[in-house]
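Excluded from the calculations below are hydrogen atoms, water molecules and symmetry mates; all remaining heavy atoms, backbone and side chain alike, are included.
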Amino acid sequence: MAAATQERWTILAGIPKVVKDEEAKRIFPPGTSISVAYNELPSASVLTAPFRITSPPYPYGNYPYIAAADPSGLLLLSAKHPLAEFSAMITYHICDARTGEVISLCNHRGPMDLHADNVGLIMSGQRCLVAELLPKSDGTGRATLLCYTVGEYQWVEMELDYSPPLQQGRFWYGDGVISHAGLLWWVDLSYGLLACDPFADEPELIHTPFPRVLDELPVERMNRSAYCCVKVSGGRLRYVQIHGSPDAPVVSMWTLADPPASAGEWIPECSVCLADIWADESYLETMLPRSVPALALLHPADPCKVYFFLGSCIFAVDLRRRMIVEFSEFEMPNPPDQMMTSSLFVHAWQYDPSRSRPSDFVPTHLRKVKEIAAQRRLFAGMYNSYLRRRGTAAKLNGSRKSVSRRIQKVMRMITPDHVFKRRGISKVDLHRFASLTMDEMGS
């Protein structure tokens, strides 16, 4: 616990600042694609990204979103690219805060969630995996898990069971994803948690319902994260909720007792009346109104320190002493329309750039991505050259499997095996790149 207490952390704004590409070239250090401005607690640290990676927020809930902030310094950015007034294409990018480099993940073929609040990142040694969970709303209790292991350059799709199933027509409302205890935990604040080990050969989804609270405060579904949240603090998963009546609200906390083998039990930790905090001199000095605040986050090492938003301010309350211990103005870049600034839009990021060890994780995989892109262009050029010589139309017909075989056959006809071997291209790579070449050629 002592080591965790001394670990440096920052409050990372979940929505990045987006700048034009010309400005990014001017303000970013050479060779970098993103930058992070670190600010002292409780002010916000902010990721800045260029237009070429993501569009800025625009109406109807379409906004770029930092889905995960790992202690290694890696950030998972869910970028948005508008297609029409009510729709957007989503792309995922792993950003290295230490080097400013970015890995862009190739698109998977499955559907993507509107807000991409169902995607998470988990590290295991030098392995990095991105996973998106899409529970079905047809009453069958089935869910699609899409996994992308960095370095394998493809999405793997699995069908899993979960219970109890969502009622038919009731959608999964993604409220973020947490990496904890070797598992990814998908959060729906009106349903509970679904957790699994995405590295497992046969992942199993574990459902953990939240504590039942009868006197919930009325709130719109899109703003539920203002009055309840689940975060990691002190090495445990903890659930916090503001409930009671608008005139006498209460903040309560529970700790998950028994993860991860089965659905654990939530143990009550504390319950504090907001009136006690409002009456304390530390609150009176801030000149804030006696209004119900929105939950922000928990201190990652001290569970008794809870952060709240109220207006343009953020403040931390020590629940044991019922007093404010931190207070500051808080600026969220481009806050989303019609939604409250809440726990959904901030991360307690336990990353210390001054102590981070140099790692070649991102540069290594960036080199591989560039090599693959060059090989894809090489293969596409070779195949098109062959078609031109044969006078064959570039349009390919048939199943993906048959077309892939034809591309591989043509590649071997054009280039001897020893040339591929000298370039470090294996038979597995040949099959994979043939499939990617089909995509690049629009087949």
With a 4.5 Å limit on heavy-atom distance, are the side chains of [X] and [Y] in contact?
| X | Y | answer |
| --- | --- | --- |
| L256 | T208 | yes |
| C313 | L288 | yes |
| I94 | L77 | no |
| P64 | V18 | yes |
| Y65 | L344 | yes |
| L47 | I34 | yes |
| S45 | I11 | no |
| R238 | K231 | no |

With a 4.0 Å cut-off, would you call [X] and [Y] a salt bridge?
| X | Y | result |
| --- | --- | --- |
| R321 | D318 | yes |
| E159 | K136 | yes |
| R224 | E216 | yes |

Quiz prompt | side-chain contact (heavy atoms from CB on, under 4.5 Å) partners of V292, counting only residues at least two apart | solution = L217, Y227, I242, P249
Which pair of non-hydrogen atoms, one from [X] and one from [Y], has the smallest distance, and what is that distance?
| X | Y | result |
| --- | --- | --- |
| A67 | H347 | O-CE1, 3.9 Å |
| A143 | P135 | CB-CA, 3.7 Å |
| M340 | A294 | CE-CB, 4.0 Å |
| S342 | F309 | O-CE1, 3.7 Å |
| P42 | I314 | O-CG2, 3.4 Å |

Within this structure, what is the [atom1]-[atom2] distance for the pair [X] and [Y], rounded to the nearest 0.5 Å?
| X | Y | atom1 | atom2 | value |
| --- | --- | --- | --- | --- |
| L237 | W254 | CG | CH2 | 15.0 Å |
| W155 | T149 | CH2 | OG1 | 9.5 Å |
| C128 | I103 | SG | CD1 | 7.5 Å |
| I15 | M339 | CD1 | CE | 8.5 Å |
| D96 | T32 | CG | OG1 | 11.0 Å |
| L76 | D70 | CG | CG | 10.0 Å |

Using 30° and 60° as the class limits, which term best fits the ring planes of [X] and [Y]: parallel, tilted or perpendicular?
| X | Y | result |
| --- | --- | --- |
| H180 | W185 | tilted |
| W349 | Y351 | parallel |
| W266 | F210 | tilted |
| W9 | H299 | perpendicular |

Practice problem: Mind checking salt bridge (Lys or Arg N to Asp or Glu O under 4.0 Å) for R221 and listing every partner two or more places apart, or none if nothing turns up? | Solution: D175, D188
Any side-chain to backbone donor/acceptor pair from [X] onto [Y]? Under 3.5 Å, distance only.
| X | Y | result |
| --- | --- | --- |
| D276 | R322 | no |
| S163 | P165 | no |
| Y173 | V187 | no |
| S245 | A248 | yes |

Quiz item: Which is it for T255 and R236 under the side chain to side chain donor-acceptor pair (under 3.5 Å) test, yes or no, and what are the steps along the way?
Solution: CA-CA 7 Å; T255 301; R236 309 277 289 277; 5.7 Å; no
Exercise. Take S72 and R98 through the side chain to side chain donor-acceptor pair (under 3.5 Å) test and state the conclusion after the steps.
Key: CA-CA 9 Å; S72 65; R98 185 182 63 83; over 6 Å; no
Practice problem: Evaluate the criterion side-chain contact (heavy atoms from CB on, under 4.5 Å) for residue pair L184 and I178; output intermediate values, then yes/no. | Solution: CA-CA 6 Å; L184 282 178; I178 299 169; over 6 Å; no
Self-check item: Of L160, L133, D197, the residue whose pairing with P203 passes side chain to side chain contact (heavy atoms under 4.5 Å, CB included)
Solution: L160
Self-check item: Distance-only polar pair, side chains of D138 and T140, donor-acceptor under 3.5 Å
Solution: yes
Quiz prompt | N118 side chain to W186 side chain, donor-acceptor N/O pair below 3.5 angstrom | solution = no
Practice problem: Might you work through the side chain to side chain donor-acceptor pair (under 3.5 Å) test for Q241 and S252, ending with a clear yes or no? | Solution: CA-CA 6 Å; Q241 184 165 353; S252 297; over 6 Å; no
Quiz item: Please walk me through it: do C196 and I206 pass side-chain contact (heavy atoms from CB on, under 4.5 Å)?
Solution: CA-CA 6 Å; C196 78; I206 304 166; over 6 Å; no
Exercise. Kindly indicate, with the supporting measurements, whether the criterion salt bridge (Lys or Arg N to Asp or Glu O under 4.0 Å) is fulfilled by D21 and R26.
Key: CA-CA 9 Å; D21 294 340; R26 180 172 55 83; over 6 Å; no
Exercise. Scan residues 280-292 for pairs that pass side-chain hydrogen bond (donor to acceptor under 3.5 Å, both in side chains), counting only residues two or more places apart or in two chains.
Key: D280-S282
Quiz prompt | Pair F345-Y63, ring pair (Phe, Tyr, Trp, His ring centres under 6.0 Å): steps then yes or no | solution = CA-CA 11 Å; F345 299 107; Y63 50 86; 5.7 Å; yes
Quiz item: Are Y307 and E326 close enough, and set up right, to give a side chain to side chain donor-acceptor pair (under 3.5 Å), and what steps lead you there?
Solution: CA-CA 9 Å; Y307 290 78; E326 294 179 34; 3.0 Å; yes
Practice problem: Give the intermediate values and the outcome of side-chain contact (heavy atoms from CB on, under 4.5 Å) for residues V251 and V240. | Solution: CA-CA 7 Å; V251 180; V240 182; 3.9 Å; yes
Quiz item: Could you walk me through whether I53 and V102 pass the side-chain contact (heavy atoms from CB on, under 4.5 Å) check?
Solution: CA-CA 9 Å; I53 290 180; V102 175; 4.0 Å; yes
